[in-house]
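Please read the structure below before turning to the comments.
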Amino acid sequence: MKIFIATKNQKKLKELKRILEPMGFTVLCEKDLEKPLCEVEETGTTFEENALLKAKAGLLETGYISVADDSGLCVDYLDGAPGVYSARYSGEHGNDEMNNKKILEELDGVPKEERGAKFVSAIACVFPDGRSFTVRGECHGYIAFSESGNGGFGYDPLFIGELGCFGELTDEQKDSVSHRGKSLRKFKEELKKYL
């Protein structure tokens, strides 16, 4: 079955494909289109709303079942920020280095016990017949005092979860505990009800 992943983020695409292809899906992405995927303005106030906006845009462009993820980091000390603004927290969309620098600056002097955080992943799936659903996965941990590792992407070098720093985990380790791994496992179960 063909399924379209509505994202321009190559690292996120790689992670989604890594989990979806073993489920038996033929995964299509922007490079399979004749023209670039349109930019979707993420105007939602929740991860679920933004994921649905992106998935619906993917369906409009392809006609295939479309899936999109909206995810981010929520830091307790920062009242849940950066939240839905995670990718553009520093003011420049997708600049991981600047985003991580800003988080570290904002948490400067904050003790470990007040650095609690969670990663959130909302996955939306929309069907050509108008049906849709969303699922959410969360992964709890805390923000380190400095970056470590060169794996993963985004805030991974700062996030310490149950297996350690996400920037130091193998793909398999990360998938087993990550917010996106959890949401994709829920997605797999939910999708069975629709097929």
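The residues of the chain are indexed from 1 along the displayed sequence. Just so we're clear, the structure is a prediction, and the values are computed from it rather than from any experiment.
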Those residues that, when tested against [X], pass side-chain contact (heavy atoms from CB on, under 4.5 Å) (two or more places apart):
X: T45; result: E49
X: Y85; result: R88
X: L107; result: V75, Y77, L78, I103, V110, R115, I143

Non-hydrogen atoms of [X] and [Y] that approach each other most closely:
X: C74; Y: G83; value: SG-CA, 4.1 Å
X: A55; Y: A124; value: CB-O, 3.9 Å
X: L73; Y: A117; value: CD1-CB, 4.1 Å
X: K118; Y: V120; value: CE-CG2, 3.9 Å
X: Y142; Y: K112; value: CZ-CE, 3.5 Å
X: A6; Y: G58; value: CB-CA, 4.1 Å

Q.
Does either side chain, that of N95 or that of S90, offer a donor lying less than 3.5 Å from an acceptor on the other one?
A. no
Q: Using distance alone, with no hydrogens and no angle criterion, decide if S121 and S71 have a side-chain donor and acceptor under 3.5 Å apart.
A: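 There is no such pair between these side chains.
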Q.
Suppose the criterion is side chain to side chain donor-acceptor pair (under 3.5 Å): which pairs have a residue in residues 124-136, not counting sequence neighbours?
A. E48-R136, D129-R131, R136-E138
Per-pair distances, 0.1 Å, donor-acceptor, side chain in residues 22-31, under 3.5 Å, sequence neighbours excluded:
residue : atom : partner : partner atom : Å
E30     : OE2  : K8      : NZ           : 2.6
E30     : OE2  : L37     : N            : 2.7

Could you list the donor-acceptor pairs under 3.5 angstrom formed by side chains in residues 153-167, with sequence neighbours left out?
residue : atom : partner : partner atom : Å
Y155    : OH   : S86     : O            : 2.8
D156    : OD2  : F153    : N            : 3.0
D156    : OD2  : K174    : NZ           : 2.6

What's the spacing between [X] [atom1] and [Y] [atom2] if we round to 0.5 Å?
X: T62; Y: I5; atom1: OG1; atom2: CD1; result: 10.5 Å
X: E113; Y: D76; atom1: CD; atom2: CG; result: 12.5 Å
X: M1; Y: L20; atom1: CE; atom2: CG; result: 12.0 Å
X: L104; Y: N99; atom1: CG; atom2: CG; result: 11.0 Å
X: L169; Y: S176; atom1: CG; atom2: OG; result: 8.0 Å
X: N100; Y: K102; atom1: CG; atom2: NZ; result: 12.5 Å

Do [X] and [Y] share a hydrophobic cluster (ILVMFWY, side-chain heavy atoms under 4.5 Å, transitive)?
X: F133; Y: L59; value: no
X: Y64; Y: L33; value: yes
X: V40; Y: L60; value: no
X: I123; Y: I3; value: yes
X: L52; Y: V84; value: no

Q: Take F127 and L191 through the test side chain to side chain contact (heavy atoms under 4.5 Å, CB included) and record every step on the way to the result.
A: CA-CA 11 Å; F127 297 84; L191 187 61; 3.6 Å; yes
(Q) Surrounding CD of E21 (heavy atoms of other residues, nucleotides or ligands, distance under 6.0 Å), is the total greater than 12? (A)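 Yes.
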Q. Is it the case that more than 12 heavy atoms not belonging to E39 sit under 6.0 Å from its CD atom?
A.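 No - once you tally the heavy atoms of other residues, nucleotides and ligands closer than 6.0 Å, there are 12 at most.
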Q.
Quick one, F187 and L184 - any side-chain contact, counting heavy atoms below 4.5 Å?
A.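 In short, these two side chains touch, coming nearer than 4.5 Å.
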(Q) I want to check something: taking the side chain as every heavy atom from C-beta on, are K54 and D70 in contact at a cut-off of under 4.5 Å? (A)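 Touching, per the 4.5 Å side-chain cut-off.
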Q: Evaluate the side chain to side chain contact (heavy atoms under 4.5 Å, CB included) criterion for residues K182 and H179: first the C-alpha distance (whole Å), next the side-chain angles of each, then the deciding distance (0.1 Å), finally the verdict.
A: CA-CA 5 Å; K182 289 176 181 178; H179 51 309; 5.9 Å; no
(Q) Using the rule given for side chain to side chain contact (heavy atoms under 4.5 Å, CB included), can you reason through F4 versus E61, listing the C-alpha separation, both sets of side-chain angles and the distance that settles it, and then say yes or no? (A) CA-CA 10 Å; F4 180 74; E61 290 201 38; 5.9 Å; no
Q. Is there a side chain to side chain contact (heavy atoms under 4.5 Å, CB included) between K2 and I65 once you walk through the steps?
A. CA-CA 7 Å; K2 289 181 178 176; I65 296 170; over 6 Å; no
Q) Is E105 salt-bridged to K101, cutoff N-O under 4.0 Å? A)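 Yes, this pair counts.
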Q: Could you tell me whether E189 and K186 make a salt bridge, using a distance below 4.0 angstrom between a side-chain N and a carboxylate O?
A: no
Q | Identified salt bridge (Lys or Arg N to Asp or Glu O under 4.0 Å) counterpart of D175 within the set R180, R18, K17 | A |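 Of R180, R18, K17, salt bridge (Lys or Arg N to Asp or Glu O under 4.0 Å) with D175 is met by R18 alone.
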